[in-house]
Amino acid sequence: MIYFDKVSKTYSATSIALDGVSLAIEPKEFVSIVGRSGAGKTTLLKLLLAEEKPSSGEVYFESFNVHNATPNEVIQIRRRIGCVFQDFRLLPSKTAFENIAFAMEAAGAADADIAVDVPQALELVGLADKAWHFPNELSGGEKQRVAIARAIVNRPDVVLADEPTGNLDPISMREIMGLLKSINELGTTVILATHNHDIVNALEKRVVTIESGKVVRDDKKGRYMIK
Amino acid sequence: MATGVTIQRIIRGGFMSFWRNGWVSLTATLVMTLAVFVIGSLLFSNVLLTSALSQIEGQVDISVYFRTDAAEQDILAANAAIAQLPQVRSIAYVSRDDALAKFRARHAGNALITQSLDELADNPLQASLNIRAESPEQYEVIARFLESSVYQAIIDKVNYFQNQVVIERLSKVLSAGRAVGLGITIALAAIAVLVVLNTIRLAIYVARDEISVMKVVGASSAYVRGPFVVSGALYGIFAAFITTVLFYPLTFWFGPQAAKFFGGLNLFHYYLAHFFQIFLILLSCGILLGTLSSVIAIRRYLKV
Ligand SMILES: Nc1ncnc2c1ncn2[C@@H]1O[C@H](COP(=O)(O)OP(=O)(O)OP(=O)(O)O)[C@@H](O)[C@H]1O
Ligand SMILES: [Mg+2]
């Protein structure tokens, strides 16, 4: 479903983020991308979202070559990918409800559907009572749950989670991971980038280890090995 | 996608972000008010300048004095011939009797003059034609016509030739005044536009992360841009309202003083008489400035 074909990304002579990465991800998989800070995890996800262009190689989302796609196709691809970031990236001047609704409005959903789906998504992440709070009136864990609700509200095929627990306490961390797991069990592909061993080891799912921009391990039921 | 719903969402989004980003909106509106105010002031000063200049122009004329022995019908024939010239805006005939009556009226209090006039057997004053041209530089043409015409014989003198230097200089000053006015107008308007553009650019720069999130979440560029353009229009609309209201006390206070100083019309009366035109001009300038600035400023952040 997602295929990285010998992808390299060089930001500048001193920062080579990815170096000949090839990687295939099947539908409904839960893949953890692990590696030290600066290994190139975020870059990999940005390439899939077409936020960055690869220096060489190709990225495929189903039949689309992401970086040869028209702007309109890029929009369509993005609507099928939900994103969760370490720093949440919520819209600060919109409430929790509006943040989630924005993803649907942008995709042209009908008002009637928005009125049904957004409360459902809020319910799912356990924030029904904070629907009208602005991001600055929410805790970090709550913000991340809003972000997850936004990522899944359009029923995407893939959810990208880039260090989604990086800024959270252990309890919120477990909640977020629980949500990602249940999203995956409902049939959505999840790609998680992290450098947290405990999380990865507890998952017992596929683990791809990146080191200095190269894939060094790819284990079906893997663990995050520390040298 | 239903475009009606989308447009509705964009407009609602624009109003919402205008209202919720209160400080940014307030700042942008104030800067925009400044710019619209500059444009409005230029409008008013242009009106003032034009009316003052035409007032001055109106005071320039030339007079043709006829010999006292000229027959009145010849003078009237000359009057008719001059009136035919395309350069002539108006012409007024002052007969010898009229001239005398005016002279007496002017010196009614001076016994010496009235007495000496009474003692004269004949009216010593000359008949004259007062000519106004369409524009100051045309007096020369009219004067040349008089000099070379058949009426040369009955003409005693044309005061253009006495005033030639003054009239020429005045006509130069007037056209220079217009050019300088236009130059200042363009320069100030350009500065105002640049300041607004940079303020809105800053407001959008602050929102650049939001813009990239919106794009990553799957919004089209047009859908992201829309609310910013609506906010830009709102800055312009409020600025136009504020400026139009501000001009009431300003012209009320400044109008009569300017009228006294420059001559020409009272700006307050002009403001009242052209209220809606002024408002509409300021409104369209404000909206145009706000929306265009937003469109230009957001362009680079939409490339994500
Ligand atoms: N915009 C950029 N310009 C230049 N260099 C960059 C840019 N973004 C990332 N890099 C470099 O690319 C390399 C990989 O960065 P990336 O963000 O992908 O790492 P990461 O694995 O996500 O790290 P972390 O775990 O800290 O988030 C780093 O060396 C970084 O310095
Ligand atoms: Mg990262």
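Labels below follow one simple rule: chain letters A, B, ... track the order of the sequence lines, proteins then strands, and each chain is numbered from 1.
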**Student:** Is it the case that more than 12 heavy atoms not belonging to B/Arg208 sit under 6.0 Å from its CZ atom?
**Tutor:** yes
**Student:** At a 4.5 Å cut-off on heavy atoms, which part of B/Met214 comes close to chain A: side chain, backbone, both, or neither?
**Tutor:** both
**Student:** State, to 0.1 Å, how close B/Tyr223 and A/Ala106 come at their nearest heavy-atom pair, and which atoms those are.
**Tutor:** CE2-CA, 3.8 Å
**Student:** Check whether B/Lys303 gets within reach of chain A through its side chain, its backbone, both or neither, counting any heavy atom under 4.5 Å.
**Tutor:** neither
**Student:** Does atom CZ of A/Phe134 have more than 12 heavy-atom neighbours, drawn from other residues, nucleotides or ligands, at distances under 6.0 Å?
**Tutor:** yes
**Student:** Assess whether atom OH of A/Tyr11 is packed by more than 12 heavy atoms of other residues, nucleotides or ligands within 6.0 Å.
**Tutor:** yes
**Student:** Can you tell me which portion of A/Ala110 sits under 4.5 Å from chain B's heavy atoms? Options are side chain, backbone, both or neither.
**Tutor:** backbone
**Student:** Using every non-hydrogen atom in the two residues, find where A/Thr95 and B/Arg20 come nearest and quote the distance to one decimal.
**Tutor:** N-NH1, 4.1 Å
**Student:** Please evaluate residues A/Glu105 and B/Ile10 with respect to the criterion side chain to side chain contact (heavy atoms under 4.5 Å, CB included), reporting the C-alpha separation (whole Å), side-chain torsions for both, the decisive distance (0.1 Å), and the verdict.
**Tutor:** CA-CA 10 Å; A/Glu105 287 169 359; B/Ile10 285 175; over 6 Å; no
**Student:** Just by distance, do the side chain of A/Arg79 and the backbone of B/Gly218 share a donor-acceptor pair under 3.5 Å?
**Tutor:** yes
**Student:** Taking side chain as everything from C-beta outward and backbone as N, CA, C, O, which of these in A/Asp111 sits under 4.5 Å from a heavy atom of chain B? Side chain, backbone, both or neither.
**Tutor:** both
**Student:** Under 4.0 Å between a side-chain nitrogen and a carboxylate oxygen: does that hold for A/Lys94 and B/Glu210?
**Tutor:** no
**Student:** Please indicate whether B/Phe279 has more than 12 foreign heavy atoms, meaning atoms of other residues, nucleotides or ligands, lying under 6.0 Å from its CZ.
**Tutor:** yes
**Student:** Can you measure from OG (B/Ser220) to CG (A/Asn72) and round to the nearest 0.5 angstrom?
**Tutor:** 8.5 Å
**Student:** Identify, with sequence neighbours excluded, every residue that meets ring-ring contact (aromatic ring centres under 6.0 Å, His included) alongside B/Phe261.
**Tutor:** none
**Student:** Could you tell me the separation between the CG atom of B/Asp209 and the CG atom of A/Leu90, rounded to the nearest 0.5 Å?
**Tutor:** 12.5 Å
**Student:** I'd like to check A/Arg150 versus B/Val217 (side-chain heavy atoms, cut-off strictly below 4.5 Å). Are they in contact?
**Tutor:** yes
**Student:** When you look at CZ of B/Phe37, are more than 12 heavy atoms from neighbouring residues, nucleotides or ligands closer to it than 6.0 Å?
**Tutor:** yes
**Student:** For B/Val216 versus A/Cys83, what's the shortest heavy-atom pair and its separation?
**Tutor:** CG1-SG, 4.0 Å
**Student:** Which region of A/Glu98, side chain (C-beta onward) or backbone (N, CA, C, O), has a non-hydrogen atom less than 4.5 Å from a non-hydrogen atom of chain B, or is it both or neither?
**Tutor:** side chain
**Student:** Does the side chain of B/Ser212 reach to within under 4.5 Å of the side chain of A/Arg89, using non-hydrogen atoms?
**Tutor:** yes
**Student:** Under 4.5 Å heavy-atom distance to chain B, tell me which part of A/Arg80 shows up: side chain, backbone, both or neither.
**Tutor:** neither
**Student:** Around A/Trp132, counting heavy atoms of other residues, nucleotides and ligands shown, do more than 12 lie under 6.0 Å from its CH2?
**Tutor:** yes
